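Here the structure comes first, spelled out in structure tokens, and everything after it is commentary.
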Amino acid sequence: DWLKLSDIESLFDPSTTIPNSKDKLKWGNWSSSIGKNSNPNKKTTTNYSLNFTTYKFNLKEEFLDENPPLPDDSEPDNSEIHKYTSSLNDLNFKFHMDLLKGNDINFKTGFVAGYKRFKPGEKTSKIKKTDPPLVDTLYANPSITTKEFNSFVECNLKLLQRIDVNVGIRQSWFRSDKKSYLNFQPRLAMNYRINNRLNWNSSFSYVTQYLHLLTNTGIGLPTDIWVPSKSDIPPEKNLQYATGVNLNLKKGFTASLEGFYKRQFDLIAYELGSKFLVESKNWEKNVYSGEGWAYGAEFFLEKTDRRFSGWLGYTLSWSQRRFDKINNGMLFPFKFDRRHDVSLVGVYSFSQAIKFSFSWVFSSGSLATIPTGIMSVQNPHNNESTDIYIYENWNNYRMSSFHRLNLGLEFTKDRANYQRTIKLNLYNAYSRKNPFYISVQKEENSNDITFRQISLFPIIPSFTYEFKF
């Protein structure tokens with residue numbers, strides 16, 4: 001879907017706010033798959049699939065001389081248009097096989113062979129104030145193609161009637177930019193039934209990830225992109241441990257409590273204050289490598305009976321990063337460090353034909369890096385002044401908390417040859433203005449800075465009619 005914003009901070013020059021500007025942001029996925037399931041015998045199941053997915057990110061910014069701006073899809077005689085595009089295409093073939101050897105042991109194995117094509121970024125400009133109009137590609141990162149092959153084998157077995165064990169290993173091979181990586185990723189999980197009501201579980205996993213999330217360090221639109229490992233950008237590595245208990249309570253209630261700890265290596269990030277759409281040129285030369293930590297606890301309570309089913313979930317967590325050449329080498333919270341996360345979901349059946357549902361979510365606000373001051377720098381060659389923001393620490397501001405209530409009512413009726421369902425839904429029922437991003441603006445004739453929260457998606461009603469035959 002299109003996201004249209006006007007009179008906001010310029011995405012290509014974060015130090016200014018320009019009237020009569022119009023920005024369009026479009027992103028999304030398109031995927032297709034074809035496959036086959038088969039059962040050669042009672043103890044074997046196989047699955048084959050060919051899959052294709054494409055992700056595209058497009059940003060368009062227009063500066064218009066006309067007042068007011070013209071309607072969509074029309075270009076005025078005097079205008080300046082900037083476009084930024086990024087994309088990822090993924091083609092892969094998957095094979096999966098389940099082999100049941102007995103009631104107490106079974107195996108799973110398979111492989112994935114994939115080919116990806118990355119387009120990290122291209123920026124073009126079109127200026128119609130000249131005759132003829134000036135069209136210029138300011139930069140275009142070369143496309144990157146990668147090849148990947150993963151295979152795995154895992155075993156599920158029961159020991160001493162009380163212990164369930166899952167053990168497995170994944171082999172991964174990845175090639176990019178004439179550099180190949182080969183890694184082995186073990187994992188182990190165990191569940192011990194202490195009694196009929198109480199279980200204890202624990203797990204360990206080591207994961208290698210060849211795609212990196214390159215996050216915008218500014219406070220504008222969340223224009224993050226995925227980039228691959230290369231010869232000078234090693235894959236991200238993760239070690240994760242988790243342990244917890246599950247308890248079956250009375251009257252259809254079950255509860256669980258789990259703690260987790262995650263260690264991360266070879267993460268990448270831009271320098272503080274980097275302009276994402278500018279520094280994307282030769283992006284691999286503008287990033288630093290670091291490490292991360294994530295840890296916390298999760299509580300989950302579920303209720304199920306004949307008429308009502310639902311659950312309550314709460315997570316308390318921390319996520320931190322450290323880079324030798326960023327933030328003076330000091331630890332700082334990650335952009336998605338959300339201290340509290342709550343979800344409450346319920347479905348009540350008045351009858352087989354009428355159902356009511358609700359869901360409420362809450363999370364601590366995302367973090368952003370905001371400037372603490374502004375400084376004017378004069379160019380000695382032309383005596384022109386340029387405003388530069390002053391940043392002190394990474395992610396020094398937490399946005400407002402995010403919370404939203406969704407409501408739904410469903411009417412189902414069975415006919416002779418089909419089933420008809422009518423759904424009435426309210427998205428964001430109390431029209432909470434949740435923060436999407438923060439815009440920064442310098443006041444005229446002063447060095448004062450003001451910030452403005454941009455919100456999306458107020459209350460949205462919807463109606464759905466469907467039938468099955």
Side-chain angles (χ1 to χ4, degrees), residues 11-15 84 86 118 120-121 123 139 141-142 144 174 176-179 181 183 207-240 261-295 318-338 366-375 377 386-398 437-438 440 449:
L11 297 173
F12 292 92
D13 184 4
S15 63
Y84 176 86
S86 177
F118 294 81
K123 178 181 175 183
Y139 68 78
N141 281 304
I144 305 172
F174 183 86
S176 171
D177 192 31
K178 299 181 181 180
K179 173 69 175 181
Y181 294 96
N183 287 281
V207 178
T208 302
Q209 182 173 306
Y210 299 102
L211 300 185
H212 296 270
L213 179 63
L214 196 51
T215 304
N216 185 12
T217 62
I219 59 174
L221 287 165
T223 47
D224 306 333
I225 62 171
W226 290 98
V227 293
S229 299
K230 300 182 64 180
S231 56
D232 49 352
I233 306 291
E236 177 184 329
K237 302 174 183 65
N238 299 275
L239 284 168
Q240 181 163 321
Y261 177 82
K262 187 176 184 179
R263 192 73 168 86
Q264 300 166 292
F265 304 92
D266 293 319
L267 304 171
I268 63 172
Y270 275 135
E271 173 60 284
L272 181 62
S274 295
K275 300 177 183 178
F276 180 85
L277 300 179
V278 176
E279 304 300 335
S280 293
K281 180 181 180 180
N282 299 323
W283 58 269
E284 64 271 22
K285 297 181 180 179
N286 297 305
V287 298
Y288 298 117
S289 179
E291 55 187 343
W293 295 261
Y295 50 90
W318 289 260
S319 181
Q320 299 173 316
R321 300 285 170 93
R322 189 181 72 81
F323 296 80
D324 290 337
K325 298 183 179 180
I326 292 178
N327 203 47
N328 296 318
M330 296 185 298
L331 206 65
F332 62 89
F334 183 45
K335 177 179 180 180
F336 300 111
D337 172 67
R338 291 172 177 157
S366 298
L367 290 164
T369 303
I370 64 173
T372 55
I374 195 168
M375 177 177 61
V377 178
T386 302
D387 292 331
I388 298 177
Y389 287 144
I390 300 173
Y391 297 87
E392 293 183 1
N393 298 309
W394 265 59
N395 295 331
N396 55 0
Y397 175 76
R398 187 177 291 276
Y437 74 97
I438 300 294
V440 61
I449 303 174

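The figures here come from the full heavy-atom set of this structure, side chains too, leaving out hydrogens, waters and symmetry mates. Computed from a prediction, not measured in an experiment: that's the story for all the values here.
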Is any side-chain heavy atom of [X] less than 4.5 Å from a side-chain heavy atom of [Y]?
| X | Y | result |
| --- | --- | --- |
| Asn238 | Lys262 | yes |
| Trp293 | Trp318 | no |
| Val287 | Ile233 | yes |
| Pro228 | Phe174 | yes |

Nearest 0.5 Å, what's the [atom1]-[atom2] distance between [X] and [Y]?
| X | Y | atom1 | atom2 | answer |
| --- | --- | --- | --- | --- |
| Ser289 | Lys325 | OG | NZ | 10.5 Å |
| Trp394 | Asn327 | CH2 | CG | 8.0 Å |
| Asp324 | Glu291 | CG | CD | 7.5 Å |
| Thr369 | Asn396 | OG1 | CG | 6.0 Å |
| Ile268 | Ser229 | CD1 | OG | 8.0 Å |
| Gln264 | Arg321 | CD | CZ | 5.0 Å |

Measure across [X] and [Y] and return the closest heavy-atom pair with its distance rounded to 0.1 Å.
| X | Y | answer |
| --- | --- | --- |
| Phe323 | Leu267 | CE2-O, 3.6 Å |
| Ser176 | Ile144 | OG-CG2, 3.8 Å |
| Pro333 | Asn395 | O-ND2, 2.6 Å |
| Asp266 | Pro235 | CB-O, 3.4 Å |

> Is a side-chain donor or acceptor of Ser231 paired with a backbone partner of Lys179 at a separation under 3.5 angstrom?
Replying inline: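 Looks like no, no N/O pair under 3.5 Å.
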
> Ignoring hydrogens and geometry, is there a side-chain-to-backbone donor-acceptor pair from His212 to Ala269 under 3.5 Å?
Replying inline: no

>> Is the ring pair Tyr181/Tyr210 parallel, tilted or perpendicular, if the boundaries are 30 and 60 degrees?
In response: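 Answer is tilted, since the angle falls between 30° and 60°.
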
